[in-house]
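Reviewing the structure listed below.
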Amino acid sequence: MAYWLLKSEAETWSWDQQKASGNKGAEWTGVRNYQARNNMRAMKNGDLGFFYLSGDDKCVVGVVKVVAEAHPDSTDGTGVWECVDVAAVSGVPKPVTLAEIKSTKALKSMVLVNNSRLSVQPVSAEEWSIISRMAGLKEKSRS
DNA sequence: GCCAACGTTGGC
DNA sequence: GCCAACGTTGGC
């Protein structure tokens, strides 16, 4: 069981759209970066991820679950890029902002802090539990 | 709107 | 295979 962080812009793919896709989820398309693609290839069904908004929002707003492992990205014609399907698990009672993450010592080494441009990132179990707590998620929704 | 960080491209 | 030029992302 691994943890991830998936970045989106609200204008492109919002949390509302993610929720509306229901339990079947939706393809996480549009990733055009090898490191991000490789992270998606490493995802297993049932892995959890934070849904993070970049741009104006810059915060974790929800939790998603991998429901289909890496397969070709239907929006890509080159055959190079892949995506996974993710489904919304729950929104967070209290969004966790990038500023909060940056000011939390234990999260200093997060990829989000050190390589903010990577759009699909691994999250350690410790980071997952800290942010879950900050977000006001119940124990059940954590690991 | 600016700029730093990073990735990709293309010339050599 | 190196590196300069360029484009994109994302935080401020």
Side-chain angles (χ1 to χ4, degrees), chain A residues 1-22 24-138 141-143:
Chain A
M1 169 69 150
Y3 301 100
W4 309 93
L5 182 145
L6 305 178
K7 238 188 317 191
S8 181
E9 288 189 61
E11 296 78 28
T12 310
W13 181 250
S14 69
W15 176 243
D16 281 344
Q17 286 173 285
Q18 183 66 59
K19 274 190 299 187
S21 75
K24 277 194 193 157
E27 291 188 316
W28 193 265
T29 56
V31 172
R32 299 293 182 266
N33 171 284
Y34 288 104
Q35 220 181 329
R37 185 198 66 182
N38 291 343
N39 285 335
M40 288 197 292
R41 280 182 173 172
M43 291 183 187
K44 301 284 182 221
N45 283 324
D47 279 2
L48 295 176
F50 288 126
F51 188 104
Y52 175 86
L53 290 173
S54 62
D56 291 340
D57 307 277
K58 294 192 284 294
C59 56
V60 172
V61 294
V63 173
V64 293
K65 173 178 69 176
V66 176
V67 293
E69 295 176 4
H71 59 85
D73 183 336
S74 62
T75 67
D76 169 51
T78 68
V80 171
W81 303 110
E82 299 176 16
C83 64
V84 293
D85 291 9
V86 297
V89 174
S90 70
V92 301
K94 184 183 168 304
V96 180
T97 66
L98 178 62
E100 288 176 80
I101 289 172
K102 281 190 161 173
S103 62
T104 301
K105 251 195 195 149
L107 300 175
K108 243 193 161 128
S109 56
M110 269 192 84
V111 181
L112 187 67
V113 176
N114 298 300
N115 185 2
S116 58
R117 291 192 51 188
L118 185 60
S119 61
V120 179
Q121 321 178 347
V123 171
S124 74
E126 193 195 357
E127 291 160 356
W128 183 269
S129 116
I130 292 171
I131 293 177
S132 295
R133 208 177 310 129
M134 291 166 73
L137 289 170
K138 300 229 163 57
S141 314
R142 295 191 213 155
S143 54

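Just so it is clear: chains get the letters A, B, ... in the order the sequence lines come, proteins before strands, and each one is counted from 1. Keep in mind the model is a prediction, meaning the values are calculated, not measured.
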* To do: Report yes or no: do A/Thr97 and A/Glu100 form a side-chain donor-acceptor pair below 3.5 Å?
  =>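 Yes - a donor-acceptor pair under 3.5 Å links their side chains.
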* Between the side chains of A/Thr75 and A/Arg32, is a donor N or O closer than 3.5 angstrom to an acceptor N or O? ->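 On atom types as modelled, these side chains qualify, holding a pair under 3.5 Å.
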* **Worked verdict on A/Gln35 versus A/Asn115 for side chain to side chain contact (heavy atoms under 4.5 Å, CB included)** => CA-CA 11 Å; A/Gln35 220 181 329; A/Asn115 185 2; 4.2 Å; yes
Spacing of [X] atom [atom1] relative to [N] atom [atom2], expressed in whole Å:
| X | N | atom1 | atom2 | value |
| --- | --- | --- | --- | --- |
| A/Asn33 | C/dG7 | CG | P | 19 Å |
| A/Leu112 | C/dC12 | CG | C1' | 15 Å |
| A/Glu9 | C/dT8 | CD | C1' | 11 Å |
| A/Ile101 | C/dC12 | CD1 | C1' | 17 Å |
| A/Trp81 | B/dT8 | CH2 | C1' | 10 Å |
| A/Asn115 | C/dT9 | CG | P | 14 Å |
| A/Arg37 | B/dG7 | CZ | C1' | 14 Å |
| A/Asp56 | C/dC12 | CG | C1' | 12 Å |

State whether [X] places a side-chain N or O below 4.0 Å from either non-bridging phosphate oxygen (OP1 or OP2) of [N].
| X | N | answer |
| --- | --- | --- |
| A/Tyr52 | C/dG11 | yes |
| A/Lys58 | C/dG10 | no |
| A/Lys102 | C/dG10 | no |

* To do: Remember a base hit wins even if backbone is also touched, and classify A/Leu98 as base, sugar-phosphate or nothing at under 4.0 Å, heavy atoms.
  =>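 Sugar-phosphate contact only - A/Leu98 comes under 4.0 Å of backbone atoms but never of a base.
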Between [options], which nucleotide has the shortest distance from any of its atoms to the side chain of [X]?
| X | options | result |
| --- | --- | --- |
| A/Ser116 | C/dT8, C/dG11, B/dT8 | C/dG11 |
| A/Gln35 | B/dG7, C/dT8, C/dG11 | B/dG7 |
| A/Arg117 | B/dG7, B/dA5, C/dG11 | B/dA5 |

* Asked: In a check of side-chain contact (heavy atoms from CB on, under 4.5 Å) between A/Val64 and each of A/Phe50, A/Trp4, A/Trp15, A/Trp28, which one passes?
  ->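 Only one option passes, and that is A/Trp15.
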* Asked: Closest approach of A/His71 and A/Val84, non-hydrogen atoms and distance?
  ->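 The answer is NE2-C, 4.3 Å.
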